Amino acid sequence: MRRALALAREGAREGEVPVGAVLVDAETRAVVGEARNACEQSGDPTAHAEMTLIREGAKTLGGWRALQKVRMYITVEPCAMCAGAILQSRVGGVTYGAKNPSLGADGSWVAMMRKEDVGAIGRAPNRPHPFMPELDVRGGVLAEECSALMSDFFKRRRTMGSYGDGVSEDETSLIKVGGD
């Protein structure tokens, strides 16, 4: 998770929303790949750290089915797009730092990644994903540090008007400390 935080900080320095991710072989603990958000740099709204990392990991491991043996460490609870990609690619496990109340797909906004309801009361099905019924998801690892990085980034962005797009006050509530 510390390496994912370092990647997120690199992204923040370049104007990217600071999300970093690292893929680790669950058996050997060897790093298989790493990525950070690159939406601004690439002009691609799907260039989230998780999406890039899934592609890189599949290539490195020789195919997407090998992703079953890895664990992804992410600084922030995955959004619905990334959670869907994690499930579809059958990543073996996920560990994330800060909760994402506005967009998180591990129970903060929707519950896509676990069979138990982890927070989206009355909004999400309480059943396992058909491809990954035993997906191991853990949240709250280095949550305070991950949350502070996101909060500081959005405070600076609001103050400096980085993108000239009138960042809304809602972005201050995007990330909060929490998890399992």
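Owing to the predicted nature of the structure, the values given are computational and were not obtained by experimental measurement.
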Side chains of [X] and [Y]: closer than 4.5 Å at any heavy-atom pair?
X: K99; Y: D106; answer: yes
X: M1; Y: E145; answer: no
X: L149; Y: T75; answer: no
X: V17; Y: F153; answer: yes
X: P18; Y: N37; answer: no
X: M113; Y: E77; answer: no
X: D152; Y: R156; answer: yes

For residues G97 and A143, report the shortest heavy-atom separation together with the two atoms involved.
O-CB, 3.7 Å

Using every non-hydrogen atom in the two residues, find where V137 and Y96 come nearest and quote the distance to one decimal.
CG1-CE2, 3.9 Å

Solution key, residues 49-67 side-chain donor-acceptor pairs under 3.5 Å, sequence neighbours excluded:
residue : atom : partner : partner atom : Å
T52     : OG1  : H48     : O            : 3.2
E56     : OE2  : E34     : N            : 3.4
T60     : OG1  : E56     : O            : 3.0

Out of curiosity, [X] [atom1] to [Y] [atom2], how far, rounded to the nearest 0.5 Å?
X: S147; Y: L142; atom1: OG; atom2: CG; value: 12.0 Å
X: S89; Y: M72; atom1: OG; atom2: CE; value: 6.5 Å
X: C146; Y: L5; atom1: SG; atom2: CG; value: 4.0 Å

Neighbour count above 12 (heavy atom, 6.0 Å) for R2 CZ
no

R71: which of D136, V94, V91 passes side chain to side chain contact (heavy atoms under 4.5 Å, CB included)
D136

Per-pair distances, 0.1 Å, donor-acceptor, side chain in residues 19-32, under 3.5 Å, sequence neighbours excluded:
residue : atom : partner : partner atom : Å
D25     : OD1  : E27     : N            : 2.8
D25     : OD1  : T28     : N            : 2.9
D25     : OD1  : T28     : OG1          : 3.4
D25     : OD2  : K69     : NZ           : 3.4
T28     : OG1  : A30     : N            : 3.2
R29     : NH1  : Y73     : OH           : 3.2

